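Each remark here refers to the structure printed beneath this line.
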Amino acid sequence: VKTPPPTAGGGWTALALLVATGMTLAWLVWTTSLDFRLDRFLPEPSNPAEEVIADRLGDSPGSRIILVALSGAGPEVLAEASMELADRFASIDGIVRAENGSGLEALDEHALLVSHRFLLIDDPQRRTRPEAIARALEDRLGDLGMGGRQASDWVSRDPLGLLPELLLDISPASEPETYDGVWFDPDLEQALMLVTTDRPGFDVTGQESIIEAMEAEFGALDFDPSRLSMEMTGPPVFSVESARQARRDAGMLSTLAGLWVILLLALAWRRMSLVVAGALPLALAVLAGLGAVHLGFGWVHGLTLAFGFTLLGIAMDYPVHLFSHHRAGGGRQAARAVAWPLGLGALSTLVAYGAIWISASPGLAQLGAFSAAGLLVAAGITLLILPRLNLPAPAPPPTSIDRLLDGPRAAWLPGLALAAACGAGLWMGSGMWSDDLSRLGPVEPAALERDARLRGHLGAGEVGYLFVVADSDRQRVLQATEALTEDLEQAREQGLLEGWQSVDRLVPSRQTQEERRAAWPDADEMKSLLEEPARQAGFRSGAFDPFIDDLAGLDDLPLLDPESWQDTPFAGPVANLLDQRDGKWRSLVIPAGVSDPAALEAWARENPGDTEYREMREWIDLQAVSTGMVTDYRRDVLASLAVALGVIALLLLLRLGSVKALVAVLGPPLAAVAITAVGMAAIGGGLTIVQLMALILVAGIGLDYSLFLQRFGDQRAAAARTLWSIIICAASTGGVFAILSVSGIAMLSQLGATAAVGIVLALVLSWIGRKSC
Amino acid sequence: LIPGLAGAGPTDLQGLLERIDTESARTMAFEETRSSDLLEEEMVLTGQVRFEPPGRLERHVESPYRESQIILGNRVQIHRNNRRIGGFSLNRAPELRALKETLVGLLTRDADALLENFEVEMDETEEGDWSLHLVPRNPDVAAEVKWLKVAGHKDRVRSMTIEPVEGKRIETRLEPLE
């Protein structure tokens, strides 16, 4: 009987569809700006401590700051370069401020600080005692003796030296080294600068244009660029670098993976039209996933796109299963044959992704949505569209498959392996999991170290510990902050910390400002207080009239609010330390120079403060809180997955009809997952959430293998085709993940390695547990 | 009897420098008068100047306030009342830079360095009084300092005068401390 030769028409239709899908996809990916913030993968914060964590990972004012270090020349040259660069940077669109320490010298830029110095400085009584005045005037003689053009102006306006003290107070807690007025590292090898952008942390494109503009300005400097070098770090730089790396990796790795799959399938099937058609479910799945995420979320996380790769795996498997059951005469009979194992596998995987979808973290929800939508479309295309394309049958399996079918068989082994792996997992206990968020971070440890070092030099302390003061009433928050910093003064005396950053230095509570205003002598009193010490120090009478005039205006001075600092160099620091969230005001007090955090924490416990403010104050160990968040969250995900597993088991039981059959189907994938989990945990120091996702994927893929082998395993010809098809699946998918595991992005490489190992194990265990034929 | 000011050549200047007792001039007491519109009278600063070859110059003010300026190479560190109040390069303190270049040139007997930094005029009487009149060549320094004068008798350095572009003349009397 002659069967009509399959026409090439199916292949061409598939190719046209594929090209169209590919182009749409390329356009979508190209125009999507990726988000790499880790906070998206955390549950919504539920208390102030968690909010702080989420902010720090997300779009806090700190996430908009770029640290710049210039090196490669002597300090004089570096200082000059720093001044010129600061000017140039300040004119770049999107840069709010470029600070290098020199701003603190140009006092006339700080009109508000000058006018409100009487309200900002603490303890006016102490400063107006005769001996304090005498000491201050002696210092002013020193200012005059030092010379300089503006010296006498400042001495006459500020004889008590309030401004230098204020500037010292509000500068970062541990003072950076300065040289020629510019911030330096202690060895005077790097001139340091802080650049604040107005682009939110997730606006990678915006940040990138700023960073490129900064690089261009540096290149345009009049200094010998071969000697001078500029280093940038900080969250915006990290996200831009991650995005660049992701783009590079995505380009190179997906090309490699694509080539691998095409080569493999072309060799196995010897039909190019099948290879082309086989790519259709995958391409449309990624398209559907991205579309769903765009519609549902409006933003796309880098990790979600990376999971497009995982779909590359599971969606690639579907047509492989289908095609291997193609007999001459078309695909519809094959579709009928594979419909239930494929449908059941897809349904199970959908249940698992659904469980992730409803999880508490927007990032994971997105991932679940992406995968679920993609999977549904891939299964649909495979079962409904591909069979209608009039495609040829693939080359038959090689004869060596028979040897594999005759090879050893041990239906009990997957169960035993599962039990053993679970035992090992229990024995490892908490060692099974890693809750260290930084392991997922896209930033290399060396870059983080460099960042931390620069921050240390600047005293911009990215410390792991801080106090949060929160209340619905802003003035109460400010008062409680003042009470806290007053207490901290004692801790400083005990040597527990060197200083801190807090908002009360720039925005004292209104009550405190009123008290200070009242405590200053009036102009006439001040005049007479100054008279004798001034005469003794040699100042002529009337030398301090500008100061007296300022003091005379004190009664009419409006009190300072956080808003007062808008459009000044201090707007950033104020916003960083005091903000409003969900109707609650929150002030952060960030300690600096803490040598023994445990001792400071103990102090904080023993000194909870005034009963009035006690409830509002909280000590936060960021590392502990973030670890706790990840732990809670992983428990949530595991719990939903346990429920999902129950639902899947029930579904399978309904279809398979017996517990024995259920165990035979579920044993191999679960054992593969368990062994991989224990092995990867042992190697990598605990499983991360990304690895957990990879394991879910392994379960889905492994379940398909197992379902197919159990479904077709008892008829020899069908068993040979099925085993061949899952070998092709494992080689293509496993290969893709192995390629992914070399990525420089930690999340991707963890995902790749875990999935690749799991897939190979799933194949081996499904084979070992197969039916006899 | 009194020869007029004359441009000093390297040999004349070197000859004068050779006669100065640089050993005893390494630590000198100073008394400096400064004036300011804010002060009733001129302010008299007293203290010590110390030179440690090859390039460390310390200036300690002891009265009417306490302050140390330590100049090392091109850098100066300032401590007042035992508190560090800043560090900067001499580029930003032209007056201090002129003072340092003069003293170090003198005390290391480096005529070439002096001639490189200043236009030097020399004056010497038969009684052994001598003076150097120095006009800064560097434009940054010249923008702040019109001229300096160092005067002495025989092997001793006795005084320094700085004439700033703005403000009043600063007179410093120097006296070896041994």
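This one's a predicted model, so the numbers in the text were calculated from it and none came from an experiment. Chain letters run A, B, ... following the sequence lines, proteins first and then strands; every chain starts at 1. Side chains are part of it too, since the values below use all heavy atoms of this structure and drop only hydrogens, waters and symmetry mates.
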Which atom of Glu40(B) lies closest to which atom of Arg540(A), heavy atoms considered: OE1-CA, 3.2 Å
Among the listed options Ala543(A), Gly74(A), Ala534(A), Gly145(A), the residue most often paired with chain B at heavy-atom distances under 4.5 Å: Gly145(A)
So does Asp549(A) have more than 12 non-hydrogen atoms from other groups sitting under 6.0 Å from CG? yes
Would you say that Leu39(B) contacts Leu141(A) through its side chain, given a criterion of any heavy-atom pair below 4.5 Å between the two side chains? yes
Taking C-beta and beyond as the side chain, do Tyr65(B) and Asp139(A) meet within less than 4.5 Å on heavy atoms? no
Around atom NZ of Lys527(A), are there more than 12 heavy atoms from other residues, nucleotides or ligands closer than 6.0 Å? no
So with a 6.0 Å cut-off around CZ of Arg97(A), is the heavy-atom count from everything else above 12? yes
To the nearest 0.5 angstrom, please state how far the CE atom of Met43(B) sits from the CZ atom of Phe539(A). 7.5 Å
Can you say whether Glu67(B) sits under 4.5 Å from chain A via the side chain, the backbone, both, or neither, judging by heavy atoms? side chain
Side chain, backbone, both or neither of Gln69(B) within contact of chain A (heavy atoms, under 4.5 Å): side chain
Checking Glu138(A) against chain B: side chain, backbone, both or neither under 4.5 Å from a heavy atom? both
Going by heavy atoms in the side chains, are Arg34(B) and Leu144(A) under 4.5 Å from each other? no
So does Glu131(A) have more than 12 non-hydrogen atoms from other groups sitting under 6.0 Å from CD? yes
Using 0.5 Å steps for rounding, measure from the CG atom of Leu38(B) to the CG atom of Asp143(A). 11.0 Å
Over 12 foreign heavy atoms within 6.0 Å of CZ, Arg66(B): no
